[in-house]
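Keep in mind it's a predicted model, so treat the numbers as computed, not measured. Convention: sequence-line order gives letters A, B, ...; per-chain numbering from 1.
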Amino acid sequence: MSDKLKGDKPAGDKIQFFVLDVKYKVVNGKSEIYLFSKTKKGKSIIVIDTQFEPFFYVIPKKNHELSEKIEKLKVEKNEESYEVTKTETLKMNYNGKEVDVIKVYTNLPRDISVIRDIIKDWEMVASVNEYDFPFSRRYLADKEITPLTLLEAEVELIVRKSKVPVFEAKSLKQVGDDTLTEPKILAIDIETYNDGKAVDFEKNPILMVSFYGQNYQKVITWKKFKTKEKYIEFVEDEAELVSKFKEIVEAIQPDIITGYYSDGFDLPYINKRAQKYKVKLDLGLDHSEMSVTSRGVSKAKIAGIVHLDTFSVIKKLFSQSLKTDFYDLGSVSEELLGDKKTDVELDNLADVWDNHPSELGIYCEYNLQDSKLAFNLAEKILPNVIEMVKIVGLPIFDVTRMGFSQLVEWYLIKRSHLSNVIVPNKPGNEELKDRMINKYEGAFVFEPTPGLYKDIIIFDFRSLYPTIISSHNISPSMLNCNCCESEKVPLEGTDYRFCKNKKGFLAGVIDDLIQRRMRIKEMMKRSKNDLLDARQNNLKVLSNAFYGYFGFFNARWYSLECARSITAYGRYYIHQVIDSAIEQGFKVIYSDTDSIFMVLDGKTKKQAKDFADSINPKLPGIMELEYEGCYPSGIFVSAKAGAYGAKKKYALLDNSGELYIKGFETVRRNWSTIAKEVQRKVLDIVLKEDNPDKALRYVRGMVDDLRKNKIDVSKVIIKTQLKKEIESYDSIGPHVAIAKRLRNQGQDVVVGMIIEFVVTEGKGKIGDKARLPSEVIDNKYDSEYYVNNQVIPAVEMIFKVLGYTKDDLASEKEQSKLGAFFK
DNA sequence: CATATTCGGGG
DNA sequence: GTGTACGAATATG
């Protein structure tokens, strides 16, 4: 063993470490699991386990001679041979019953699908299961290993191509709950050449790349200018910038590399440019190259260095608790870090780069700032990520990129292993189609009466669906048992009942999650602590996802009956609360799924709190109605007609004077600036100043200005992205029409380009009236279009609430009437 | 009204 | 990678 690692070697050949990342390789015809790890002393190592064999399960109809037949199975295909190496017969639980199963081993992971394809069609086979788990995940679940928590292994140092010491494990086990602390984080961010239109990985070079770590900050750029900043370093060209990027990452040796939306932008971009210059990005600790896969949003992976994209984590784990509706780096940093981002005019970067390099300093500073924010965000969210790893039992890379259904599913798979339960299969094509057709009744929504309200009280069912699942034992295997007379689910036309004697697997799992969360909340009462908070939040988020999982068509534990029962109970209980509230003289203004909004209307806060106390004793199990808070004022806007299940659209003013805005969406880029501006201002005036008249005057003023074409053309530009080749469009929208014009003018038109256009006066479709901003002279845009299709739609619902547009709004289609009203 | 298209994040 | 992959809003026909 190398001297460096002696401190991590307690006795004999034992070594203790934390797993950061897992992958497998086939070496000399055998599969090897690579555990990219960190020792307790902080050294990076790779531990290889060569002893884990691929397997899956076969459930026979009757156990005749199936084992023997399977064991003899050998397939030749494309000059490769695939064979079963051995079988074992076991007793396990499947669909709530004990069954005999044959555990079938193969030589390599890739053999599984070939062997399984043959066996699945055999007459005597009832089912084939667990044949489609990624091998490294199968390993973790089976060995009961949780990444980031302490492992101990008997090891031997071996020789392998690697940047860090490599050991082969003779034996390996989890030892306690010790968790990796203070991983080394390196944040990165790039700025690229961009004329404000298209983000084009192929065409536009990276101009600068920034790094931010514990004691490290640097910006690399390839245009020289005078600067005193020591963090700025110059290279000759973009190719050298890319090489330098690699050098720096290798020199710093981070455990975690992070960025904001770095899966979708920074790392794929760097990857693309590296390919262009034939720079090999073999950053993996095993010398493997960074891999960028792109289905949907791309993902960038480096073996042994965990790539953490803070954006996806924040959007997933924090969206419930964040106020912001927008997930750009600025908004997120402001809310999560309290750090306001200093903005620069990025549209000018290309011009400054080409013509005024002496001004590049502020862009370098900006570049560094983004890395710094990404770094701080990573530190902030890491406790949550680590806790999710500990709950689900998969590496950081995986848990941060899985959707909720996947997180739930892998948690269930982990639990299945511990309970000797065979995991159900994913649906086949036919089954999938059936499931997708099935629609069922969802939550109850009490349509808000639009209006401005004072003293709004909000109650919430704490974790409504999870507590229903737990309290009513909602589990597929417990449906309509023969062993007891359980209560019927309040759902007309059905006779669903869930066993009251035996706890179902899924209800048991969610029960456990809820209990764990309650214990943590208890502990937090004694001492607040970020880690505990992260943990309880994850438990909440995960248990909240169970209901959706039941109804998710691709779920292994899909159950329409369970999903329907859960929403049925949900409607039943929320109705109870609403009825009681009305009975006790409260005025209910809105309710959606698990929350109820009412106004005090002369009653006191104390009476409102007493109301919750009067409900709770009547609720079963762990269900509970909570007093969420009181808001001095708020506005409710009705959803546009047609949408089923009224969409939440409201804004509340809390006691500290802050606005909670829900569902008002105008910050998308395909809204003109003027529309966004007007909406924001109107909400502000109405809620903060409580002055509808002023808001109305403001809008009238803007409409007037538009009609006189006094608003600058820059504020009426609409931006839409060209998503595919012009020829492949079936319908020619305005942006496609403009793209054609651009091309006819001899300009480069590329997919992904942002098309800017202004709607001008004239006849026909919008596409016919769309012009390039540069073609618009003297602000000669179509004022009526902007009044009727941009500004008024952005605020009409707000004014409707204020009682201003009763008659004019009667007809949805004739919005010009509303326009007339605003004169 | 149904169908097609785009948004998100990043520069 | 023993692969799998969203959900909502808006415009056009």
Side-chain angles (χ1 to χ4, degrees), chain A residues 23-24 31 54-56 82 106 108-117 130-139 189-201 204-208 259-269 291 293-299 301 309-312 314-316 325-332 344-350 363 366-367 370 374 401-406 409 426 552 554 639-640 642-643 647 663 665-671 718-724 728-736 752 754-755 765-767 789 793:
Chain A
K23 77 183 223 183
Y24 86 92
S31 52
F55 68 86
F56 65 102
Y82 305 81
T106 66
L108 290 177
R110 54 134 222 220
D111 298 1
I112 298 277
S113 66
V114 176
I115 300 289
R116 175 252 170 190
D117 266 351
E130 305 195 14
Y131 49 82
D132 57 355
F133 296 179
F135 192 53
S136 59
R137 291 186 184 179
R138 154 61 81 195
Y139 175 82
D189 183 64
I190 62 170
E191 306 301 328
T192 63
Y193 188 90
N194 188 295
D195 46 19
K197 287 187 183 125
V199 168
D200 189 335
F201 288 38
N204 294 328
I206 298 171
L207 304 183
M208 46 187 75
Y260 196 77
Y261 200 55
S262 41
D263 252 342
F265 188 72
D266 304 78
L267 287 181
Y269 211 120
S291 78
T293 55
S294 57
R295 228 182 283 202
V297 163
S298 53
K299 294 172 185 174
K301 193 168 166 62
D309 182 348
T310 52
F311 163 70
S312 57
I314 289 165
K315 214 173 158 200
K316 198 163 58 201
D325 260 356
F326 318 111
Y327 286 86
D328 57 286
L329 180 57
S331 314
V332 167
V344 297
E345 201 49 70
L346 268 181
D347 280 354
N348 296 343
L349 174 54
Y363 289 97
Y366 174 83
N367 187 207
D370 279 3
R401 285 163 181 82
M402 290 156 74
F404 281 117
S405 65
Q406 294 247 295
E409 193 152 280
K426 290 198 170 163
F552 172 53
N554 208 22
K640 284 198 174 151
K647 197 67 201 138
E665 280 205 58
T666 47
V667 180
R668 297 160 68 121
R669 65 164 164 243
N670 53 355
W671 281 79
I718 297 169
K719 301 178 185 184
T720 307
Q721 190 173 23
L722 193 70
K723 297 290 268 196
K724 46 187 183 181
S728 47
Y729 276 94
D730 291 328
S731 58
I732 308 299
H735 68 299
V736 184
I754 304 290
I755 306 288
K765 289 178 290 190
I766 299 180
N789 296 57

Any residue meeting side-chain contact (heavy atoms from CB on, under 4.5 Å) with [X], in chain and number order, not counting sequence neighbours:
X	answer
A:D200	A:E202, A:K203, A:N204, A:V750
A:K299	A:D263, A:T293, A:F397, A:R401
A:P134	A:R137, A:W410

Please name all residues satisfying side-chain hydrogen bond (donor to acceptor under 3.5 Å, both in side chains) with [X], sequence neighbours left out, ordered by chain then number.
X	answer
A:Y366	A:K341
A:Y82	none
A:E409	A:Y549, A:R556
A:S262	A:H307

Counting any heavy atom closer than 4.0 Å, what does [X] reach on the DNA or RNA strands: base, sugar-phosphate only, or nothing?
X	value
A:F56	nothing
A:F311	sugar-phosphate
A:L329	sugar-phosphate
A:L207	nothing
A:F55	base

Counting only side-chain heavy atoms from C-beta out, which of [options] sits nearest to [X]?
X	options	value
A:P734	B:dG11, B:dG10, C:dA11	C:dA11
A:D370	B:dG10, B:dG11, C:dT12	B:dG11
A:L349	B:dG9, C:dA11, B:dG11	B:dG11
A:Y366	B:dG9, B:dG11, B:dG10	B:dG11

Rounded to whole angstroms, how far apart are NZ on A:K316 and P on B:dG9?
-> 15 Å

Check nucleotides 1-5 of chain B for protein N or O atoms closer than 3.5 Å to its own N or O atoms and list the pairs.
unit_1 : atom_1 : unit_2 : atom_2 : d
B:dT5  : OP1    : A:D730 : N      : 3.0
B:dT5  : OP2    : A:K724 : NZ     : 3.2

So, does A:N367 use its side chain to make a donor-acceptor pair with the main chain of A:D189 at under 3.5 Å?
->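 Yes; judged by distance alone, with no hydrogens or angles, the pair exists.
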
Does A:D189 get its side chain close enough to the base of B:dG10, under 3.5 Å, for a donor-acceptor pair?
->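 Under the 3.5 Å cut-off, the side chain and the base do not form any donor-acceptor pair.
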
Quick one: does A:Y261 reach the base of B:dG10 with a side-chain donor-acceptor pair under 3.5 Å?
->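 There is none.
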
Could you write out each protein N or O paired with an N or O of nucleotides 4-6 of chain C at a distance under 3.5 Å?
unit_1 : atom_1 : unit_2 : atom_2 : d
C:dA5  : OP1    : A:N554 : ND2    : 3.1
C:dA5  : N1     : A:K299 : NZ     : 2.7

C1' atom, C:dG7 versus B:dG9: distance in rounded Å?
->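 Nearest-Å result for C:dG7 against B:dG9 at atom C1': 16 Å.
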
P-based separation of C:dA5 from B:dG11 [nearest Å] =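 Going atom to atom, P in each nucleotide, I get 30 Å.
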
Side-chain donor-acceptor pair present, A:S331, A:D328, cut-off under 3.5 Å = yes

